[in-house]
> 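Please see the structure below; I have some questions.
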Amino acid sequence: MDRQTTGLDFAVIGHQDNWANIRSLINIMRTDALEALPVSKIREVYDYIPPRAIFRMHVTSPLGMTRSGLYIETFIAPDKLTADHLRENIQKVRDAVAATYRLGIPMVILGGFTSLLLEGNIDDFREYGMAVTTGNTLTAAYVIKGIEKAVRQEGKRLRDCRVLIIGATGDIGMACTNYLKGKTKGVLLCARNRARLERFGRRIENEGHEVKWSTRIDELSGSADIIISVASSSDIGVSHLKGDVIICDAGYPKNLEEKLKDHPSVKLFHGGMGQLHHGYLFDPDYTTGFYRYPAEHLGHGCIIEVILLALENRLENYTIGKGNISEEKIEEIYALSLKHGITLAPFYNGNGLWPDQ
Ligand SMILES: NC(=O)c1ccc[n+]([C@@H]2O[C@H](COP(=O)([O-])OP(=O)(O)OC[C@H]3O[C@@H](n4cnc5c(N)ncnc54)[C@H](OP(=O)(O)O)[C@@H]3O)[C@@H](O)[C@H]2O)c1
């Protein structure tokens, strides 16, 4: 098929991480005349649906530029985001990227698990000549800036705090560790793969920073003043916590707060999110359906990264691979975010906005 020129500046390729969102998405896509489908029916067909465009996004910068993008859903089922389904999931991502190319879109962000599936291997897409990014630099920036703000707000000093990073050997986890290792009292690193964790921990130790690592969260959590969770796993639980710990949960699926019901003094926020103050419109508008948050115009750091690159006319593979996110890039992309009127999202969690927001 020939390439079309649709005038779109970027595409977001993504997936849903829970069936409640999927139910909203599918039933909004169907006409009002049709009876709403229950999750059990949707499950039967969901992953047979080929990747397709769901809505357009229009963004305006206070500097006057506007950019438009397209959200493409991969229809990867949340319970198939495992190694057993790697091959079929990768094919779905490839199909989504090919669809993006046919629409003449110059730049694409691989959101959530779609970037994890490829592990930075974008060689197959070089023939398309499109720029590809994971959006992890801005996600890490929003996580870090969120922690810095929460620490200030709670009357603490970062330098006096130890920070536990769950998912420390991942792309965002490494970026957070590298950024915070010299600015905090110490870093506590957790991940499941012992060898990879030890390699990373030794590197931080050899640089002269205070560091401990363990594959068990409970061996580290008692010393943590701050916890950053950037692990893509549904079986994470934290215990042995200091009463006033600040937690940034930026991983999917969201898994921590359900287990923290008995810790009312813990301050937990969903991190990695920004707020667009100068226009962020969806067409059709799904913000009352599956893309719903307790404040207006919130967006994922990864999506906002590609928006910023489009606003800046920077068609480049900005964040690719694992462990390549430097402090300089974090500061650069965060400064671009502020330049275009996009700030950190207010603090919120599953119960809504923090009372003081
Ligand atoms: N808010 C946003 O805009 C945004 C944007 C992008 C990504 N994200 C989310 O951020 C998370 C991290 O993304 P990433 O690209 O950095 O992923 P990644 O590179 O795959 O890293 C995941 C990390 O989590 C660890 N991990 C997985 N399960 C664990 C468990 N049960 N306990 C402890 N550690 C565990 C992994 O190491 P082991 O395998 O050794 O355990 C690895 O260190 C994902 O959940 C992603 O969906 C959010």
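Below, each value reflects all heavy atoms present in this structure, side chains not excepted, and no hydrogens, waters or symmetry copies. Being a predicted model, the structure only gives us computed values, none of them experimental. For ligands, and for the atoms within them, numbers begin at 1 and follow the listed sequence.
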> Taking the basic N atoms (NZ, or NE/NH1/NH2) and the acidic carboxylate oxygens, is any pair closer than 4.0 Å for Asp225 and Lys242?
yes
> May I ask you to check whether His15 and Tyr252 place their ring centers less than 6.0 Å from one another?
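So the answer is no for these two rings.
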> Taking only heavy atoms of Gly167, which atoms of ligand 1 are found under 4.0 Å from at least one of them?
23 (C), 24 (O), 25 (C), 34 (N), 43 (O)
> Determine, using the 4.5 Å side-chain heavy-atom cutoff (strictly less than), whether Leu180 and Phe269 are members of one ILVMFWY cluster.
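Linked, Leu180 and Phe269 end up in one cluster.
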> Side-chain donor-acceptor pair under 3.5 Å between Glu305 and Thr139, yes or no?
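Distance-only check fails for Glu305 and Thr139.
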> Decide whether an N or O pair under 3.5 Å exists between Gly170 and ligand 1.
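Right, the criterion is met.
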> Can you tell which part of Ile236 has a heavy atom less than 4.0 Å from ligand 1: side chain, backbone, both or neither?
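Just the side chain.
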> Kindly write out the residues that satisfy salt bridge (Lys or Arg N to Asp or Glu O under 4.0 Å) with Arg162, not counting sequence neighbours, or none if the list is empty.
Glu210
> Is it true that atom NZ of Lys41 has more than 12 heavy atoms of other residues, nucleotides or ligands lying nearer than 6.0 Å?
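It does not: Lys41 NZ has 12 such atoms or fewer within range.
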> State whether the shortest distance between N or O atoms of Arg192 and N or O atoms of ligand 1 falls below 3.5 angstrom.
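Yes; the residue has a nitrogen or oxygen that sits under 3.5 Å from a nitrogen or oxygen of the ligand.
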> Taking the minimum heavy-atom distance to atom 5 (C) of ligand 1, which of Thr134, Ile165, Thr139 ranks first?
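Result: the heavy atom closest to atom 5 (C) of ligand 1 is in Thr139.
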> Heavy atom under 4.0 Å from ligand 1: found in Asn136's side chain, backbone, both, or neither?
side chain
> Does a salt bridge link Lys212 with Glu219, judged by any charged N lying under 4.0 Å from a carboxylate O?
no
> Of the side chain and backbone of Cys302, name the one, both, or neither that has a heavy atom under 4.0 Å from an atom of ligand 1.
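For Cys302, the contact with ligand 1 is made by both the backbone and the side chain.
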> At a 4.0 Å threshold, what atoms of ligand 1 neighbour a non-hydrogen atom of Val230?
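Those qualifying, in numeric order: 11 (C), 12 (C), 22 (C), 23 (C), 24 (O).
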> Would you check whether Gly135 reaches within less than 4.0 Å of ligand 1, judged by its heavy atoms?
no
> Distance under 4.0 Å to a non-hydrogen atom of Gly272: what atoms of ligand 1 satisfy this?
1 (N), 2 (C), 3 (O)
